[in-house]
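Take a look at the structure set out below.
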Amino acid sequence: MRISTGLLFLAWLALPGMSAAQADRVTGFSFLKLDPSARSSALAGSFMAIYDGDVNGLYYNPALLRPDMSGAVSFSYLNHVSDINAAFVTYSRHFDGVASFGAGLRFLSWGSFERANELGEREGTFSAGDLALTVGAAREYSDRIRYGASVHMVYSSIESYRASALAADLGATYLLPESQFSASVSVNNIGFTVDSFGESRDDLPFDVRVGVAKRLRYLPLLVTVTAYDLQNIGDAPQGASGFGTVFQYLNFGGELRFSPAFQVRLGYSHRKHEALKQKSRLDLAGLGIGVGIVVRKIKVDYAYGSWSSLGSLNQLTIGTTL
């Protein structure tokens, strides 16, 4: 049996940041790039420097784990384009004198696909999916600096084919609490493939990132900017303008807090916009929109993302502290 080209195209298409642009590279295990929560999705993935106790920061920069999020748990569901669905479960625990720990499980289902032989005769259906288990820890180096590391055990399957990998993230965060400013640097998905789908070894989605987040003094607005894919900087698409070249490596986010119980969020990814936009129309591709509501101890976040004519993404996250 030959894996259908439709499945491979969908796998290439349905992940954040994937495009035909030279600045992006299709790798194995690219589901690791999925935004794990509605809040991070609404901020277009510009999340790695937000140091405010959100347990889902584990997936962007393990240094964001901190003592006061001990017992925090989060569940997120993503309804992607077509029949693609994903779920994320994350938990954090702090142990005095040791470290702040986090653990998470990411699951992606590609849905069901028709199986056909070389003559085109249908022979039932098959499925495809991805799974990753993450464990991380963070410690304080000084009053202003935290550092952390995490390990990912990754598994993918397509019909009877299997692939697996081991990866790690390393990160650090610099804090200026009096200015409500934070800056982070991380190296994500360092590792190696254990088993590949084919004879050639699948590459992990290695990424070098730098991010900043600032809560404005006189306006209840959190602004965040993340530079990513920095290991490939300078390899922008041919013909891109100076503006476009720079923005290929930047994601932007803003969160307006009307009250501790209600926030509105907006994010933008220029690379995603360029990859998905349709020239014949005003296109919202690459734009993330979301809201957050707190009811007692329950946090509910929702995000909407446009994929132009391909459809839209809807993500819901529920979190609390046990």
Side-chain angles (χ1 to χ4, degrees), residues 6-21 24 26-27 29-48 50 54 56-57 59-60 74-90 104-113 128-132 156 205 207 224 226 228-229 250-255 263-278 281-293 299-319:
L7 172 60
L8 295 178
F9 171 75
L10 200 57
W12 171 82
L13 181 68
L15 294 171
M18 291 298 180
S19 73
D24 249 329
V26 179
T27 68
F29 312 104
S30 290
F31 78 101
L32 295 172
K33 295 182 179 181
L34 285 172
D35 292 311
S37 72
R39 186 186 183 199
S40 61
S41 180
L43 296 173
S46 184
F47 204 73
M48 64 166 296
I50 299 179
D54 193 317
N56 292 290
Y59 303 107
Y60 293 92
S74 172
F75 172 79
S76 185
Y77 169 73
L78 169 63
N79 181 257
H80 215 299
V81 297
S82 187
D83 294 328
I84 303 171
N85 295 278
F88 311 82
V89 180
T90 316
L105 187 65
R106 289 172 279 183
F107 172 75
L108 175 69
S109 170
W110 294 98
S112 180
F113 299 87
D130 300 286
L131 184 70
S156 297
D207 197 1
T224 176
T226 296
Y228 66 103
D229 199 26
L250 297 175
N251 287 341
F252 303 89
E255 180 180 78
Q263 301 90 39
V264 174
R265 304 174 183 118
L266 185 68
Y268 177 69
S269 170
H270 185 70
R271 187 181 297 191
K272 188 181 295 184
H273 174 79
E274 291 297 304
L276 298 173
K277 69 179 181 180
Q278 300 293 317
R281 61 182 235 181
L282 178 63
D283 213 304
L284 298 179
L287 192 69
I289 302 171
V291 296
I293 300 172
K299 300 177 182 179
V300 180
D301 297 311
Y302 168 77
Y304 168 87
S306 171
W307 272 49
S308 189
S309 60
L310 296 174
S312 60
L313 281 63
N314 293 276
Q315 192 161 359
L316 180 68
T317 300
I318 299 176

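Only a predicted model underlies this, so the values are computations on that prediction, with no experimental measurement involved. Values below: every heavy atom of this structure, side chains too, minus hydrogens, waters and symmetry copies.
Judged as a side chain to side chain contact (heavy atoms under 4.5 Å, CB included), and not counting sequence neighbours, the contacts of V264 are F258, F262, V291. Scored by the ring pair (Phe, Tyr, Trp, His ring centres under 6.0 Å) test, Y304 finds no partners at all (sequence neighbours excluded). Taking S76 as the reference, Q315, T317 meet the side-chain hydrogen bond (donor to acceptor under 3.5 Å, both in side chains) condition, with sequence neighbours excluded. Residues meeting the side-chain hydrogen bond (donor to acceptor under 3.5 Å, both in side chains) test with T90, sequence neighbours left out: N56, Y59. Residues satisfying the side chain to side chain contact (heavy atoms under 4.5 Å, CB included) criterion with D130, sequence neighbours excluded, are F31, L108, W110, S156. Y60 meets the ring pair (Phe, Tyr, Trp, His ring centres under 6.0 Å) test with F47; sequence neighbours excluded. With sequence neighbours excluded, no residue forms a side-chain hydrogen bond (donor to acceptor under 3.5 Å, both in side chains) with S41. Listed by chain and residue number, V225, A227, V246, F252 satisfy the side chain to side chain contact (heavy atoms under 4.5 Å, CB included) test with L250 (two or more places apart in sequence, or in another chain). For D54, the salt bridge (Lys or Arg N to Asp or Glu O under 4.0 Å) partners are R39, not counting sequence neighbours. Here N79 pairs with Y77, N85 under the side-chain hydrogen bond (donor to acceptor under 3.5 Å, both in side chains) rule; sequence neighbours left out. Judged as a side chain to side chain contact (heavy atoms under 4.5 Å, CB included), and not counting sequence neighbours, the contacts of K299 are V294.
In plain terms, the two heavy atoms of Q278 and S308 that are nearest each other are CG-OG, 3.0 Å. S269 and A44 make their closest contact through N-CB, 4.0 Å (heavy atoms, listed as atom of the first residue, atom of the second, distance). Counting all heavy atoms, side chain and backbone alike, S306 lies closest to D283 at OG-OD1, 4.5 Å. Here the shortest heavy-atom pairing between A285 and K277 reads CB-N, 4.1 Å. The heavy-atom pair separating G292 from D301 by the smallest distance is CA-OD1, 3.1 Å. Closest non-hydrogen pair, S40 versus D35, comes out as OG-CB, 3.7 Å.
Here OG1 of T224 is found 10.0 Å from CD of E255. Values are rounded to the nearest 0.5 Å. Atoms CZ and CD1, from R265 and I289 in turn, are 13.0 Å apart once rounded to the nearest 0.5 Å. Considering OG of S37 and CG of L316, their distance stands at 11.0 Å, rounded to 0.5 Å. Put simply, CG on D229 and CZ on R271 are 4.5 Å apart, with the number rounded to the nearest 0.5 Å. The distance from atom OG1 of T226 to atom CD1 of I50, rounded to the nearest 0.5 Å, is 7.5 Å.
Taking the six-membered ring for Trp and thresholds of 30 and 60 degrees, H273 and Y268 have ring planes inclined between 30 and 60 degrees apart.
The pair D207-K33 does not meet the salt-bridge criterion, since no charged nitrogen lies less than 4.0 angstrom from a carboxylate oxygen.
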